[in-house]
Amino acid sequence: QPQLVDSGGTLVQTGGPLTLSCPALGRTFNSRPMAWFRQAPGEGRLIVAAAERSGSSTGSADSVKGRFTVPRANAGNSVYLHLQMNSLRSEGAAVYYCAAGRTREHSSTSTQAYEYWGQGTQVTVSS
């Protein structure tokens with residue numbers, strides 16, 4: 001049973017840091033691109049940043065470049081994915097989802113390219 005369990009969402013002050021985590025287990029996730037998306041109320045699910053199978057980061061939204069990173073660790077068939085966020089802004093308040101793409105494909109900014117999803121974790125940013 002494949003599982004992506006995203007966690008770490010909480011209330012954080014504007015300008016503060018926060019790290020989200022997502023273990024991807026129960027499938028050969030090490031051969032898949034991984035990504036973080038976020039969805040604010042009334043909006044679509046948008047890419048935050050992605051990590052290729054090699055671990056290199058790609059596909060970051062312009063609004064997070066220089067502030068967010070996506071560390072990825074492959075352990076056997078599993079993947080341990082994080083989203084390290086610094087200098088959070090009010091527009092960072094959203095439900096964050098980790099996602100796993102298809103085997104041996106590259107990352108994408110489209111939700112259609114991802115096959116497995118976490119359940120979402122809420123990040124709230126206070127001023």
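Sequence positions, counted from 1, serve as the residue numbers for this chain. This structure is a prediction, so every number in the text was calculated from the model and none was measured. Reckoned from all heavy atoms, side chains included, excluding hydrogens, waters and symmetry mates.
Looking at residues two or more places apart in sequence or on another chain, you find no salt bridge (Lys or Arg N to Asp or Glu O under 4.0 Å) involving E105.
Checked by atom type, the side-chain pair R72/N74 shows a donor-acceptor distance below 3.5 Å. In this model, a donor atom of one side chain and an acceptor atom of the other lie less than 3.5 Å apart for S56 and S54. Between Y97 and R38, the side chains place no donor N or O within less than 3.5 Å of an acceptor N or O (distance only, hydrogens not considered). The closest side-chain donor-acceptor pair between T19 and Q84, if any, does not fall under 3.5 angstrom. Counting only N and O atoms by type, the side chains of S126 and Q13 include no donor and acceptor under 3.5 Å apart.
Residue A40 comes nearest to A93 through the heavy atom pair CB-O, 3.9 Å, listed as atom of the first residue, atom of the second, then distance. Nearest heavy atoms, P33 versus Y114: O-CE2, 4.3 Å. When all heavy atoms are compared, the tightest approach of A94 to Q39 is CB-O, 3.4 Å.
When ring centroids are compared, F37 and W117 come within the 6.0 Å threshold.
The side-chain heavy atoms of D6 and Q119, taken from C-beta on, include a pair separated by under 4.5 Å. The shortest side-chain heavy-atom distance between V123 and L20 falls under the 4.5 Å cut-off. For the pair V48/Y96, a side-chain contact is recorded, criterion being any heavy-atom separation below 4.5 Å from C-beta on. Y116 is not listed as a side-chain neighbour of C98, based on a closest heavy-atom distance of 4.5 Å or more. Residues T28 and T103 form no side-chain contact, since every pair of their non-hydrogen atoms from C-beta on lies 4.5 Å or further apart. Counting heavy atoms from C-beta outward, R53 and R104 have side chains that approach closer than 4.5 Å. Within the 4.5 Å cutoff, side-chain heavy atoms of R67 are placed close to those of R89. Annotation: side chain of L81 is in contact with side chain of V70 (closest heavy-atom distance under 4.5 Å).
Atom-to-atom distance recorded for L83:CG and F68:CZ is 6.0 Å, nearest 0.5 angstrom. Here the straight-line distance linking atom OG of S63 with atom CG of L46 works out to 9.0 Å at 0.5 Å rounding.
With side-chain heavy atoms closer than 4.5 Å counting as contact, directly or through intermediates, the hydrophobic cluster containing Y80 also holds L25.
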Exercise. Kindly indicate, with the supporting measurements, whether the criterion side-chain contact (heavy atoms from CB on, under 4.5 Å) is fulfilled by L4 and M34.
Key: CA-CA 11 Å; L4 279 69; M34 303 288 294; 4.2 Å; yes
Practice problem: Test T124 against V12 for side-chain contact (heavy atoms from CB on, under 4.5 Å), laying out the working first. | Solution: CA-CA 6 Å; T124 304; V12 62; over 6 Å; no
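Side-chain atoms of T121 come within 3.5 Å of backbone N or O of G9 as a donor-acceptor pair. The backbone N or O of G101 sits less than 3.5 Å from a side-chain atom of R32, completing a donor-acceptor pair.
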